[in-house]
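All residue numbers in this chain count up from 1 along the given sequence.
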Amino acid sequence: VAQLLELAQAEVFVPADRPVVDLAEIGKSVVSSLDEVALSSNQSLVFLDHGDSQAHAHSEAVYRIYRNLIENAIAHGPSDRPIEISAGPGPTIAVRDYGPGIAIEDRAKIFEKFWQGGTRSEGGAGLGLGIVKSLTDALDAKITLDCPDEGGAIFSVFFRPKALSV
């Protein structure tokens, strides 16, 4: 129910203004709030600050983007490697897990609401990445997916740099 509400809010979210926010500061806050959730799933979270990660965005929307990406990684990543969360360089955030990755045929669908792939986790509704996509669209940001040969997934979000006017 909470994710349905969050999705509805994300779909109508239009930030009145986009102040300059520190993506690293927000990321550290999210990692801190999800650390126990990760530990209860035998996961660990590592935050990497690559510097100069300020962007025109909305802090609550960025928080939700991070949170949904990290929760998704916790659900699908193995416990033998940490989930890597990063900010920068520049107005970019990324979440990397070392799970099974995303099948080529599924990659075009992963941001659809209610879609769940072959790595379905119990309790998931298929909304997390749909929420992320709605929020990135509202912020004029871009989200990408990379599936490295060694496995896992890297979700990267590129925000508007602080130097651009709103």
Side-chain angles (χ1 to χ4, degrees), residues 1-41 43-77 82-97 102 109-116 121 123-146 153-166:
V1 174
Q3 274 197 320
L4 281 172
L5 178 59
E6 187 172 0
L7 177 64
Q9 291 170 336
E11 287 181 336
V12 298
F13 177 73
V14 180
D17 62 2
R18 294 184 191 137
V20 174
V21 298
D22 185 330
L23 301 173
E25 182 179 300
I26 297 168
K28 290 173 190 174
S29 175
V30 178
V31 167
S32 177
S33 74
L34 290 176
D35 216 20
E36 287 195 32
V37 174
L39 288 173
S40 71
S41 296
Q43 296 276 15
S44 62
L45 305 177
V46 174
F47 187 82
L48 306 166
D49 183 350
H50 298 295
D52 190 32
S53 61
Q54 294 187 341
H56 278 287
H58 185 276
S59 60
E60 179 61 27
V62 173
Y63 189 96
R64 290 179 183 199
I65 289 167
Y66 265 123
R67 189 188 72 233
N68 278 289
L69 291 175
I70 295 168
E71 287 174 344
N72 194 60
I74 291 170
H76 299 289
I83 295 165
E84 299 168 1
I85 300 97
S86 64
T92 305
I93 67 171
V95 175
R96 195 222 197 290
D97 70 56
I102 298 167
K109 304 174 203 168
I110 60 169
F111 295 109
E112 293 177 11
K113 293 168 231 141
F114 302 106
W115 186 85
Q116 295 182 329
S121 64
L127 294 174
L129 293 177
I131 292 167
V132 169
K133 180 68 171 131
S134 292
L135 290 170
T136 56
D137 287 349
L139 293 172
D140 296 322
K142 178 182 176 187
I143 184 163
T144 63
L145 165 66
D146 183 32
I154 304 170
F155 288 91
S156 300
V157 181
F158 302 89
F159 296 92
R160 291 177 25 190
K162 68 178 179 177
L164 296 179
S165 61
V166 177

What's the spacing between Leu39 CG and Ile74 CD1 if we round to 0.5 Å?
9.0 Å
If you round to the nearest 0.5 Å, how far is OG1 of Thr136 from CZ of Phe159?
8.0 Å
Determine the sole option in Leu34, Val62, Val31, Asn72 for which the side-chain contact (heavy atoms from CB on, under 4.5 Å) test with Arg67 is passed.
Leu34
Any side-chain heavy-atom pair of [X] and [Y] under 4.5 Å:
{"X": "Val37", "Y": "Glu71", "answer": "no"}
{"X": "Asp146", "Y": "Thr144", "answer": "no"}
{"X": "Ile143", "Y": "Leu145", "answer": "no"}
{"X": "Val132", "Y": "Phe155", "answer": "no"}
{"X": "Val20", "Y": "His56", "answer": "yes"}
{"X": "Ile26", "Y": "Ile93", "answer": "no"}
{"X": "Asp22", "Y": "Ser53", "answer": "yes"}
{"X": "Ile65", "Y": "Ile131", "answer": "no"}

Chi angles and distances behind the side chain to side chain contact (heavy atoms under 4.5 Å, CB included) call for Leu129, Leu69:
CA-CA 7 Å; Leu129 293 177; Leu69 291 175; 3.7 Å; yes
[X] and [Y]: which non-hydrogen atoms are nearest, and at how many Å?
{"X": "Ile83", "Y": "Ile85", "answer": "O-CD1, 3.6 Å"}
{"X": "Ala24", "Y": "Phe47", "answer": "O-CZ, 3.6 Å"}
{"X": "Ala57", "Y": "Val21", "answer": "CB-CG2, 3.8 Å"}
{"X": "Ala61", "Y": "Leu135", "answer": "O-CD1, 3.9 Å"}
{"X": "Arg160", "Y": "Pro91", "answer": "O-CB, 4.0 Å"}

Do the side chain of [X] and the main chain of [Y] share a donor and acceptor less than 3.5 angstrom apart?
{"X": "Ser32", "Y": "Lys28", "answer": "no"}
{"X": "Asn68", "Y": "Arg64", "answer": "yes"}
{"X": "Tyr66", "Y": "Leu23", "answer": "yes"}

